[in-house]
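Keep in mind that the numbers below use all heavy atoms, side chains included, and drop hydrogens, waters and symmetry copies. Whatever order the structure lists ligands and atoms in, that order sets their numbers, starting from 1.
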Amino acid sequence: MATLMKEILLSDLLARSLSREAAQPLQRQLYEVIRRGVLDHTLVAGQKLPSSRSLALELGVSRITVSLAYERLIAESYLRAAGGSGTFVSDTGARPRDTRAKTAAVEPWAPLARRGAAISTGRSGLVQHTGAFVPGVADASRFPFHLWRRAVTRHLSKSDLSLAGYAKEGAGYRPLREAIASYLGISRSVVCTADQVIVTAGTHQSIDLCARMLADVGDVAMVEDPCHWAFPSVLAAAGLQVTPGVLDQHGLALAASALPRRTRMVCTSPSHQYPTGAVMPLARRLELLAQARSRKLWVIEDDYDSEFRYDGAPLPSLQGLDRDGHVIYLGTFSKAMFSGMRMSYLVVPPQMAQAFSNACAAIYRSGHLHLQAALADFISEGHFSQHIRRMRLEYAQRQQLLREALARQLGDALALSQARAGLHLYARLTGKVSAQRLVDEAAREGLVLGQPYHLAARPTAEQRAVILGYGAVALEQIEPGVARLAQALERAGTRQTGRRRPG
Ligand SMILES: Cc1ncc(COP(=O)(O)O)c(C=O)c1O
């Protein structure tokens, strides 16, 4: 901890410990508090104490009171004076207490709530986020941080102090919402005004808001099976029952899925299903909207990586096709910028906009307005689009190279998703190797493979697959990464069948 911070904390500790009502003189009290601190290692050897003048001022006592206490502590070797450079805690030689052991031994007075226990054991994103072939992570090393820094610095100043306060509208900073609305209109055929855009701190928060605003505890939400783990974990944490929807090569097949009576919402990623990569054709999109209308369902459209299409014009968003206000559109800046941005948005139907904005203010109390202002500039000055254009070329090349290297080195052991889009490939295992064994063997090679998140307890043979991300893998690392994957696959097969490794 920085010296200055420690000095300030020590002054606070002493101020709290002194009592003017006590019979003991202040000088004696000061001596006792510091002595105890040295003995129990609250004050660690080498720590600098505040000067007698500044401590006296802080405590509202005379300087002589502090000086006399310090002198006695120095005489008894609890403190040492180091010439002109100040007064320091001495090394008394005693071993510091192990406070961790003491804390760990204390039993909680009550167990976690059932919901808390379930949340704490759920899937989380706390896994490695770098290297080959981590799924879904953008390449932050290519991000123009110098331009981003300039935009942030512009707004991180005293020139507009309202940006240092709470958001005036729960939905976020209006110029950013305007920039997002016009970007989505052009790039994704989303039909909306800035009023309908609600800025959130990551897709988890967007899902959480949908769950709380559109369903009651005990209602059912359908998710694709497999899906991104964020959906089942956040929906369940908000008290919803989560049910799996059937996927086929055209994405979510709502007509083939069993819809429990209390189903209120259906979550889907139609433009590039996560993780299988299925692209929902127009006919299926229209059918999904018709079903949503007749069954009175909300459709939560996760358009998480729509910026990255490598083979011509993408299909318009579901939201853009929706005429009845059934779709809530989710987007994120994690892929187009970098994942630590934690900036995302929803587009809600016009009639719901004020309610969603009020809800954000009520349960999240939005802020970080200077970042929102910086992002608004970053978009409107064209840096955002320029970065996307550059990265689109780069990721397209990486995907192509990954496909070629896999075909060359692994033959037909993996059947790859077809979509020329996104930051990952879904790779189905065509042989008998178990996906878990491949993931384990790949880890020994220093590779990180994603595994699809299934609601059903045991995926079928048809669903044995791994997810290979290339967003965070530089072009020159792809070929050597695939070579290591080939070795991992061979070992996984050998171990599974009990065959000895050739050679
Ligand atoms: C399917 C899907 N949706 C959404 C997200 C974005 O989540 P966030 O905004 O929390 O980064 C991801 C990120 O990996 C994703 O894979």
Side-chain angles (χ1 to χ4, degrees), residues 122-130 133-140 143 172 180 184 188 197-211 221-235 237 242 245 247 251-252 265-280 299-309 317-319 328-347 364 368 371-372 375 391 395 417 419 421-426 448-455 465-473:
R123 273 283 278 267
S124 80
L126 300 177
V127 289
Q128 192 175 332
H129 291 147
T130 52
F133 292 97
V134 172
V137 179
D139 191 344
F143 185 72
I180 292 173
L184 290 178
R188 298 296 298 129
V197 177
I198 316 285
V199 178
T200 52
T203 300
H204 286 65
Q205 198 177 67
S206 301
I207 303 169
D208 186 54
L209 194 59
C210 290
M222 174 172 283
V223 299
E224 296 166 330
D225 190 22
C227 63
H228 191 270
W229 57 268
F231 281 86
S233 71
V234 175
L235 293 166
V242 181
L247 274 185
L252 180 64
M265 63 175 69
V266 171
C267 304
T268 180
S269 41
S271 298
H272 190 223
Q273 200 280 330
Y274 190 87
T276 65
V279 178
M280 192 182 282
V299 178
I300 313 298
E301 176 182 18
D302 182 16
D303 211 24
Y304 64 103
D305 67 358
S306 60
E307 290 82 8
F308 302 115
R309 294 283 169 278
S317 61
L318 267 182
Q319 198 272 2
I328 310 280
Y329 178 93
L330 310 191
T332 179
F333 289 99
S334 295
K335 314 288 177 195
M337 294 179 76
F338 51 92
S339 43
M341 268 289 284
R342 310 317 298 138
M343 200 90 87
S344 50
Y345 48 86
L346 307 88
V347 177
Y364 308 134
H368 52 65
L371 289 180
Q372 295 191 26
L375 185 51
M391 294 314 290
Y395 291 144
S417 49
L423 306 182
H424 74 276
L425 288 175
Y426 181 77
V448 185
L449 310 188
Q451 282 187 280
Y453 182 90
H454 284 281
L455 249 68
V466 293
I467 308 167
L468 303 174
Y470 46 84
V473 192

Taking only residues two or more places apart in sequence, or in another chain, which ones meet Y274 in a side chain to side chain donor-acceptor pair (under 3.5 Å)? none
Sequence neighbours left out, what passes side chain to side chain donor-acceptor pair (under 3.5 Å) with Q273? Give chain and number order. E224, T276
Using the side chain to side chain donor-acceptor pair (under 3.5 Å) criterion, which residues pair with H272? Sequence neighbours excluded. Y304, D305
Polar side chain donor-acceptor pair, S206 to T200, under 3.5 angstrom: yes
Around ligand 1, what residues show up once you keep those with a heavy atom under 4.0 Å from it? G202, T203, H204, H228, Y274, D302, Y304, T332, S334, K335, R342
With C267 as reference, evaluate I207, I328, L235, V299 under the side-chain contact (heavy atoms from CB on, under 4.5 Å) test and give the passing residue. L235
Looking at S317 and R188, would you say the former's side chain and the latter's main chain have a donor-acceptor pair under 3.5 Å? yes
